[in-house]
Amino acid sequence: MKIASWNVNSLKVRLPQVLDWLGERQPDILALQETKLTDPDFPTLDIASAGYQAAFVGQKTYNGVAVLSRLPLGETVADLPGLDDPQRRVLGVTVGGVRVINLYVPNGQSVGSDKYTYKLNWLDKLAQWLETELTRHPRLIALGDFNIAPEDRDVHDPAAWAGQILCSDAERAAFRRLLDLGLQDAFRRFPQEENTFSWWDYRAAGFRRNLGLRIDHLLLSPALAATCTACWVDKAPRRLERPSDHAPVIAEFDLELH
DNA sequence: ATGGTGGTCACACCA
């Protein structure tokens, strides 16, 4: 069983790449962020033709999340409890006994800005909700674009990024709080090459020079972590023409969904 | 100093 996360930065533009990638990698579940589509515009038929059902919640221009699955989708939720938020950033779905929580964490813009305050409050509400969800669902994965580089080794130039947005102490503390709930960073359960990232700025030839950050994560409950056999970043789609600025991250499990 | 989107054809907003 494979579960993946990919911030596609417009599903309208990236749909051909997503369909190709589904065919190549054959994930059981794919969580998408930044679809930037309203629900009537979601490409349900194209995705069904590829063999996947879809749950989605979107808005015009910004945000938007979706979960694609080969198996039927169960209980769905699209809001963080305690946060009255028109921004479509959360989609929880139960698939084959696994609780899948797809997240597009706010970017935060810059430390100290209004958007930064919103991000930290959002992460506080997220932690409270995940604590509850973990009591209800032993097998849980919280995955997506967290917009947080958890440690200096997740940053191409830690000195330049020190204290900056995506790397600030408060953001990293919010990420650690999720780990303190018992969630495990799937990527760090396995040996990895140094300077492996999941996002590279479009500007200044960031990808070619590997000036990236690891901000896309798959966090596993203990029961799910026990079955995880691999976690890796697939850089291939980032090399294509007109790529997303993020690469997909995949976790593999010794587990059959049913 | 790039890219996606929207609403206009030049630029603002967001990442």
Side-chain angles (χ1 to χ4, degrees), chain A residues 5-21 30-43 46-47 56-66 80 83 85-91 102-123 126 143-150 154-157 160-168 170-172 174-175 197-217 233-249:
Chain A
S5 174
W6 192 4
N7 179 323
V8 290
N9 185 22
S10 170
L11 184 56
K12 183 178 177 183
V13 172
R14 238 63 71 186
L15 182 62
Q17 294 183 18
V18 170
L19 296 174
D20 286 350
W21 192 83
L30 173 59
L32 300 172
Q33 303 89 35
E34 283 205 90
T35 56
K36 299 186 176 179
L37 292 172
T38 58
D39 293 345
D41 288 331
F42 195 86
D46 294 293
I47 283 164
F56 45 88
V57 58
Q59 63 186 90
K60 195 162 69 171
T61 312
Y62 305 119
N63 309 312
V65 283
L80 283 183
L83 198 71
D85 191 358
Q87 299 190 32
R88 305 290 71 189
R89 297 179 174 276
V90 174
L91 189 56
N102 182 17
L103 303 167
Y104 176 46
V105 176
N107 172 281
Q109 191 177 55
S110 60
V111 173
S113 66
D114 289 349
K115 287 173 184 167
Y116 183 73
T117 303
Y118 164 68
K119 178 178 193 174
L120 295 179
N121 180 54
W122 196 98
L123 287 163
L126 172 67
L143 76 171
D145 178 359
F146 283 73
N147 270 316
I148 300 172
D154 301 311
V155 180
H156 70 90
D157 186 345
W161 281 84
Q164 300 298 307
I165 196 65
L166 315 183
C167 300
S168 72
E171 290 165 272
R172 287 179 169 179
F175 188 84
F197 307 121
S198 66
W199 169 85
W200 301 261
D201 200 310
Y202 284 123
R203 294 165 285 191
F207 182 67
R208 183 179 59 72
R209 300 160 68 198
N210 199 30
L211 308 181
L213 304 178
R214 191 177 70 93
I215 57 177
D216 299 272
H217 308 297
V233 177
D234 185 2
K235 288 168 74 170
R238 190 63 177 79
R239 298 189 186 99
L240 298 173
E241 296 258 335
R242 251 190 137 183
S244 168
D245 45 354
H246 295 250
V249 187

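Chain letters run A, B, ... following the sequence lines, proteins first and then strands; every chain starts at 1.
For dG4(B), the OP1/OP2 oxygens have a side-chain nitrogen or oxygen of Arg14(A) closer than 4.0 Å.
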Pull out every protein N or O sitting under 3.5 Å from an N or O of nucleotides 12-15 of chain B, one pair per line with the distance.
{"unit_1": "dC14(B)", "atom_1": "OP2", "unit_2": "Lys115(A)", "atom_2": "NZ", "d": "3.1"}
{"unit_1": "dC14(B)", "atom_1": "O5'", "unit_2": "Lys115(A)", "atom_2": "NZ", "d": "3.3"}

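In this structure a side-chain-to-backbone donor-acceptor pair under 3.5 Å is missing from Ser168(A) to Ile165(A). In this structure, the side chain of Tyr104(A) does not engage the main chain of Val65(A) through any donor-acceptor pair within 3.5 Å. A distance-only check finds a donor-acceptor pair linking the side chain of Arg172(A) to the backbone of Ala149(A) [under 3.5 Å]. A donor-acceptor pair is defined here as one N or O able to donate and one able to accept, closer than 3.5 Å; no such pair exists between the side chain of Lys36(A) and the backbone of Val8(A). The backbone N or O of His246(A) lies less than 3.5 Å from a partner atom in the side chain of Trp6(A), making a donor-acceptor pair. For the pair Gln17(A) (side chain) and Glu241(A) (backbone), a donor-acceptor distance under 3.5 Å is present.
Following rounding to the nearest Å, Asp41(A) (CG) and dG4(B) (P) show an atom-to-atom distance of 17 Å. dG6(B) atom P lies 12 Å from atom CG of Asn9(A), rounded to whole Å. What separates CD of Gln59(A) from P of dG6(B) is a distance of 11 Å, to the nearest Å.
As rounded to the nearest Å, dG4(B) and dC9(B) have P atoms that lie 22 Å from one another. For the P atoms, the distance linking dC13(B) with dT8(B) amounts to 14 Å, nearest Å. Across the P atoms, dC14(B) and dA1(B) are found 23 Å apart, a figure rounded to whole Å.
Shortest non-hydrogen contact noted between Glu34(A) and Asn7(A) is OE2-ND2, 3.0 Å.
Counting non-hydrogen atoms of neighbouring residues, nucleotides and ligands closer than 6.0 angstrom, the CG atom of Asp114(A) reaches no more than 12 such neighbours.
In DNA chain B, consecutive stretches of 3 or more Watson-Crick or G-U wobble pairs with both distances under 3.5 Å are given as paired ranges: B:2-6 with B:11-15.
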